[in-house]
Student: 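First the structure, which I've put down as C-alpha cells, then a few questions once you've had a look.
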Amino acid sequence: MEPIEDLDVLSEERVRQREADDADEDLDRVKHGYDATAGDKQVYIETYGCQMNVNDSGIVASVLKESGYGLTRDEAEADVVLLNTCAIRENAEQKIRTRLGMLRAEKERRDGELMLGVLGCMAERLREKLLEQEDLVDVVVGPDAYRDLPQLLYEADATGQAAVNVELSKQETYADIDPVRYDSNGVSAYVSIMRGCDNMCTFCVVPFTRGREESRLVTTILSEVSQLVEEGYREVTLLGQNVNSYHYTDENGSSVSFAELVDRVSRVSPELRVRYSTSHPKDCTDELLQVHRERPNVCNYIHLPVQHGNTEVLDRMRRTYTREEYLALTERAKELCPGLSLSTDLIAGFCGETEAQHRDTLSLMEAVRYDHAYMFKYSERPQTYAARKYEDDVPEDVKQRRLEEIIELQNQHSKESNEEEIGRVHTVLVEGPSKKSDEQLFGRTDTNKGVVFDREDYEQGDYVRVRVEDCTSSTLLGTAIGRTTLTEAARTDPITTEAVAA
Ligand code: SAH
Ligand code: SF4
Ligand code: F3S
C-alpha cells in the first residue's frame, strides 16, 4: 500500500495534457449519455467528519439516484465506493489514507472492476497527489461539485483516467436538492442552511476546504422543514460551520437574520423541536437568545465553542472575542434562558500556549460548567495562518497531558451536571431503542441530554415525560410518566415554565 503523501505532485504540463485528452470523442458521449450508463450500478458511500459531511453524503446519494445509480449499504456489492473525507486534524486524514489503501487493494483484487472516489474536504488538497497515480482513485470531487458526480464517474469509466472537479463556488448551496436521509432514525433530521466559512480562525482548515460562506434561500429551508414534518420528523438541526452568521437577502432587498430564520422554522410546527449547530460566540446575539426564550420548541441548548480560556491565545486563534466577553455572553444567555445547557469545543496545546494559559482554559470551564465538550489536541493544518506564521511548539507529551486534564475536568462536570438531574422530570423525544437493550428506549431532553428508560408501550417519535432516577457520566436513566406533546410540555415543564415566567 502506497501512502498518498509519498506520491509526486502531478506536473502542470501533465494536467494540461490530460485536459486536452479529455476533449476527445469519448467525452462527447459523456455529455449526453451518462444517465443511461449508470444502469444498475451500486454506490457505497462512506462518510467521515462532521454532520455537514453526513448531510452532503445525502446530497451525493440524491444526485446519483437521479442518474440511475442504486445505493447500497453493503460494500461487497458496490461498483463504486465513495469516501466523503474530512481534513480537520491530521489523524482524521491519516485514517482515510489507510482506508483508501485498503480499497485500492480491493480494486486490484477485482481487476480494476471497482471505481473509487474521494469527495469532501480532502479532495482539493490531495487532488494532485491522488491523480499522480491514475489507478489510485477514479474521481476526486470537492464539496461544491457534487452535481457533476454522475458525469465525472462516466468520464472516468469511459476514458480510464481520473476525473476531477474541486472548484469551490460562492453560489452552490444545493438549495433545491432533497438529501437522501438513509441513516436517519425518521425522528431527527439535519437541514443544511449555509455552506463554507469566512471566519479564518488561524488553526482551521475548513475555509480552505469548503470555501466562502454562502447562506441558503429561506423558502427552500422552510419547505424542506415542512416536508420533514409531513414525513413525521419531530426534530430538525439547522446545519452550518457558523450557522448564526446566516444572512439571506432576497431580490427585493429584504434580509433574514439567523434569529429570524430559527423563529420561522420553529413556527412550521409547534410539535417540531429546533436545534442548530455550530454557532460562533461572536454571532450569538440577544435577538437569538430571545428566540430561545420565547419559542418553546427552540431547544434550551446551545453548542457554543470557546476553543480556549485565555484572551491572548483566543487572539492568536483569531476568534474575535476575549475570555471576559465570552463569559459575559454565557451569563447573559443563562439569565435570559434559565436552565440553558451549553456545550463547547476546546483545543489543547495551541502554538505558544503556556502552562498558565492552559490553566485559564481549565478555569473558564469551571466558570461556565459545560454539560458536554468536544476536546482536541492542536493539530497543525497546511495552508492555515497558524501553520504559516506560528510555531507548533508545545511538545506532544505536554499537549497530551493538557488534553487529559481538560477531559478529566469535563468528565467531572458532566457527571455532576447529570447528578443534579436526579429527581427532575424532562420531556424526552424518543429516537429509538437504547444501544444495550431493545427493551429500553433512548431519547433526548430539550437540553440535549441522552436518557434511557423502559420501553413499555412508548414508541420512536413519541414525546414522553420521564423522571430521572439515576445517571452515568454520559447518560440519564429514568422512568416514563406518560406521553405528552411539546405544546403540553411547554405549559408543564418546570424549566420551560421558569424560562417563560422569568
Ligand atoms: N465551525 C465550528 C468548528 C468546526 S471544526 C466552530 O467554529 O465552532 C470542529 C472543531 O474542531 C473546532 O471547533 C475545533 O475545536 C476543532 N479543530 C479545528 N481545527 C483544529 C486543529 N487544527 N487542531 C485541533 N482541533 C481543531
Ligand atoms: Fe473553522 Fe473557525 Fe470557521 Fe469554525 S468558525 S469552521 S473553527 S474557521
Ligand atoms: Fe471535517 Fe470538512 Fe467537516 S474538514 S469537520 S468534514 S467541514
Side-chain angles (χ1 to χ4, degrees), residues 46-57 60 83-96 118-126 142-144 166 168 190 192-214 238-246 276-284 302-309 313-314 316-321 326 342-351 353 361 370 372-388 390 392 394 396 399-400 402-403 406 410:
E46 198 166 282
T47 309
Y48 295 82
C50 64
Q51 285 306 331
M52 272 137 281
N53 254 16
V54 175
N55 193 72
D56 278 6
S57 288
V60 167
L83 301 188
N84 195 0
T85 63
C86 172
I88 200 80
R89 284 169 289 276
E90 173 57 27
N91 56 5
E93 285 200 356
Q94 193 50 50
K95 208 161 108 188
I96 294 162
V118 168
L119 317 180
C121 291
M122 278 168 78
E124 153 65 24
R125 250 182 11 83
L126 293 188
D144 288 347
V166 293
L168 291 171
Y190 289 95
S192 170
I193 63 158
M194 51 126 28
R195 298 184 69 84
C197 183
D198 283 352
N199 286 339
M200 289 289 184
C201 301
T202 57
F203 53 82
C204 182
V205 79
V206 170
F208 302 95
T209 64
R210 297 235 155 202
R212 301 302 301 269
E213 205 167 284
E214 182 66 7
L238 307 178
L239 270 190
Q241 280 298 357
N242 182 182
V243 269
N244 50 351
S245 74
Y246 177 91
Y276 55 83
S277 185
T278 298
S279 56
H280 194 294
K282 77 174 166 50
D283 298 309
C284 185
I302 309 180
H303 181 59
L304 199 60
V306 66
Q307 311 297 358
H308 207 275
V313 178
L314 287 170
R316 268 187 285 128
M317 288 178 160
R318 213 189 274 139
R319 287 295 287 186
T320 71
Y321 49 82
Y326 182 89
L342 289 173
S343 59
T344 197
D345 293 350
L346 293 162
I347 298 179
F350 185 58
C351 311
E353 184 193 64
T361 292
Y370 295 104
H372 183 72
Y374 298 93
M375 301 156 281
F376 311 102
K377 261 189 292 187
Y378 172 61
S379 162
E380 185 175 274
R381 307 312 292 134
Q383 289 176 286
T384 58
Y385 186 89
R388 286 182 286 119
Y390 302 148
D392 183 10
V394 178
E396 183 56 30
K399 270 187 197 172
Q400 183 63 32
R402 290 180 186 168
L403 176 66
I406 290 173
Q410 184 53 47

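Note that the coordinates shown come from a computational prediction; the quantities given were computed from them, not determined experimentally. Both ligands and their constituent atoms are indexed starting at 1 by order of listing. Both backbone and side-chain heavy atoms feed into the values below; hydrogens, waters and symmetry mates do not.
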Student: Distance to 0.1 Å, residue and atom name: give those for the protein heavy atom nearest to atom 4 (Fe) of ligand 2.
Tutor: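 That would be Gln241 O, 4.2 Å.
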
Student: Has the side chain of Arg210 got a donor or acceptor atom that lies under 3.5 Å from a matching backbone atom of Pro143?
Tutor: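 No.
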
Student: Quick one, Cys284 and Leu304 - any side-chain contact, counting heavy atoms below 4.5 Å?
Tutor: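 They are in contact (side-chain heavy atoms under 4.5 Å apart), so the answer is yes.
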
Student: Judged on heavy-atom distance to atom 7 (O) of ligand 1, which of Met375, Lys399, Arg319 sits nearest?
Tutor: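 Minimum heavy-atom distance to atom 7 (O) of ligand 1 goes to Arg319.
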
Student: Would you call the rings of Phe350 and Phe203 parallel, tilted or perpendicular, taking 30° and 60° as the class edges?
Tutor: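 Rings of Phe350 and Phe203: perpendicular, over 60°.
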
Student: Heavy-atom contacts with Met200 under 4.0 Å: which atoms of ligand 2 show up? List them by number with element.
Tutor: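 Result: 8 (S).
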
Student: At under 4.0 Å between heavy atoms, is it the side chain or the backbone of Arg210 that contacts ligand 2, or both, or neither?
Tutor: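 The answer is neither; Arg210 stays 4.0 Å or more away.
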
Student: Without hydrogens or angle criteria, can the side chains of His303 and Ser277 be said to hold a donor-acceptor pair below 3.5 Å?
Tutor: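 Per modelled atom types, His303 and Ser277 side chains form no pair under 3.5 Å.
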
Student: Is the contact between Lys377 and ligand 1 made by the side chain, the backbone, both, or neither, using heavy atoms and a 4.0 Å cut-off?
Tutor: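 Contact part for Lys377 vs ligand 1: backbone (N, CA, C, O).
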
Student: Hey, can you tell me if Tyr374 and His372 have their rings parallel, tilted or perpendicular (30° and 60° cut-offs)?
Tutor: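 Plane angle over 60°, so perpendicular.
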
Student: Does the cation-pi check pass for Arg318 over Tyr385, that is, NZ or CZ under 6.0 Å from the six-membered ring centre and within 45° of its axis?
Tutor: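 Because its charged atom sits under 6.0 Å from the ring centre and within 45° of the axis, Arg318 does stack over Tyr385.
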
Student: Less than 3.5 Å between some nitrogen or oxygen of Gln241 and one of ligand 1, yes or no?
Tutor: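 There is such a contact, yes.
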
Student: Where is the nearest protein heavy atom to atom 8 (S) of ligand 2: which residue, which atom, and how far?
Tutor: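 That would be Cys201 N, 3.4 Å.
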
Student: Once you restrict to heavy atoms under 4.0 Å, what part of Phe376 touches ligand 1? Side chain, backbone, both or neither.
Tutor: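 Near ligand 1, Phe376 shows its side chain, while the N, CA, C and O stay back.
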
Student: Of the choices Ser379, Ser279, Ala373, which has the non-hydrogen atom that lies closest to atom 23 (N) of ligand 1?
Tutor: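 That would be Ser379.
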
Student: Of the protein's non-hydrogen atoms, which lies at the shortest distance from atom 25 (N) of ligand 1, and what is that distance?
Tutor: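 Here the closest protein heavy atom is Arg89 NH1, 3.3 Å.
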
Student: Hey, does His308 have a side-chain heavy atom less than 4.5 Å from the side chain of Arg319?
Tutor: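 Heavy-atom side-chain distance check fails, nothing below 4.5 Å.
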
Student: Nearest to atom 14 (C) of ligand 1, what protein heavy atom do you find, and at what distance?
Tutor: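 Scanning the protein heavy atoms, the shortest distance from atom 14 (C) of ligand 1 goes to Gln307 OE1, 3.3 Å.
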
Student: Specify the protein heavy atom at minimum distance from atom 5 (S) of ligand 2: its residue, its atom name, and the distance to 0.1 Å.
Tutor: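 That would be Asn199 ND2, 3.2 Å.
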
Student: Counting non-hydrogen protein atoms only, what is the nearest one to atom 7 (S) of ligand 3? Give residue, atom name and distance.
Tutor: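 Sorting protein heavy atoms by distance from atom 7 (S) of ligand 3 puts Gln241 NE2, 3.0 Å first.
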
Student: Around atom 10 (C) of ligand 1, find the nearest protein heavy atom and jot down its residue, atom name and distance.
Tutor: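 Of every protein heavy atom, Asp345 OD2, 3.4 Å lies nearest to atom 10 (C) of ligand 1.
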
Student: For Tyr378, counting its heavy atoms only, list the atoms of ligand 1 lying under 4.0 Å from any of them.
Tutor: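 Listed by number with element: 22 (N), 23 (N), 24 (C).
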
Student: Around atom 3 (Fe) of ligand 2, find the nearest protein heavy atom and jot down its residue, atom name and distance.
Tutor: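 The closest heavy atom on the protein side is Cys197 SG, 2.3 Å.
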
Student: How about CZ on Phe376, more than 12 heavy atoms from neighbouring residues, nucleotides or ligands closer than 6.0 Å, or not?
Tutor: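 Yes, because the 6.0 Å sphere around CZ of Phe376 holds more than 12 heavy atoms from other groups.
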
Student: Under 4.0 Å from any heavy atom of Pro305, which atoms of ligand 1 are there?
Tutor: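 Those of ligand 1 that fall under 4.0 Å from Pro305 are 8 (O).
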
Student: With a cut-off of 2.8 Å, which protein N/O/S atoms are close to atom 2 (Fe) of ligand 3, if we only count those under it?
Tutor: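 Short answer, with waters excluded from the count: Cys121 SG.
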
Student: Is His308 in contact with ligand 1, taking contact as a heavy-atom separation below 4.0 Å?
Tutor: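 No heavy atom of His308 comes that close to ligand 1.
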
Student: Could you identify the single nearest non-hydrogen protein atom to atom 6 (C) of ligand 1 and state the distance to 0.1 Å?
Tutor: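 Looking at atom 6 (C) of ligand 1, the protein heavy atom closest to it is Thr278 CG2, 3.7 Å.
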
Student: Specify side chain, backbone, both or neither for Met317, according to which of its non-hydrogen atoms lie closer than 4.0 Å to ligand 1.
Tutor: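 Looking at Met317 and ligand 1, no heavy atom falls under 4.0 Å.
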
Student: Do any heavy atoms of Asn242 fall under 4.0 Å from ligand 1?
Tutor: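 No; Asn242 lies far enough from ligand 1 that no heavy-atom distance drops under 4.0 Å.
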
Student: Nearest protein heavy atom to atom 5 (S) of ligand 1, by residue and atom, and its distance?
Tutor: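 So the nearest neighbour among protein heavy atoms is Ile88 CD1, 3.5 Å.
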
Student: Just going by heavy-atom distances, which of Ser245, Cys204, Pro305 is nearest to atom 1 (Fe) of ligand 2?
Tutor: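 Closest candidate by heavy-atom distance is Cys204.
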
Student: Looking at Val206, which atoms of ligand 2 are within less than 4.0 Å of one of its heavy atoms?
Tutor: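 The atoms of ligand 2 under 4.0 Å from a heavy atom of Val206 are 6 (S).
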
Student: Counting only heavy atoms closer than 4.0 Å, does ligand 2 sit against the backbone of Asn242, its side chain, both, or neither?
Tutor: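 Looking at Asn242 and ligand 2, no heavy atom falls under 4.0 Å.
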
Student: Check for me whether Gln51 has a heavy atom closer than 4.0 Å to any atom of ligand 3.
Tutor: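 The answer is no, since Gln51 has no heavy atom less than 4.0 Å from ligand 3.
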
Student: Note the single closest protein heavy atom to atom 19 (N) of ligand 1, along with its residue, its atom name and the distance in Å.
Tutor: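 Result for atom 19 (N) of ligand 1: Phe203 CD1, 3.3 Å.
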
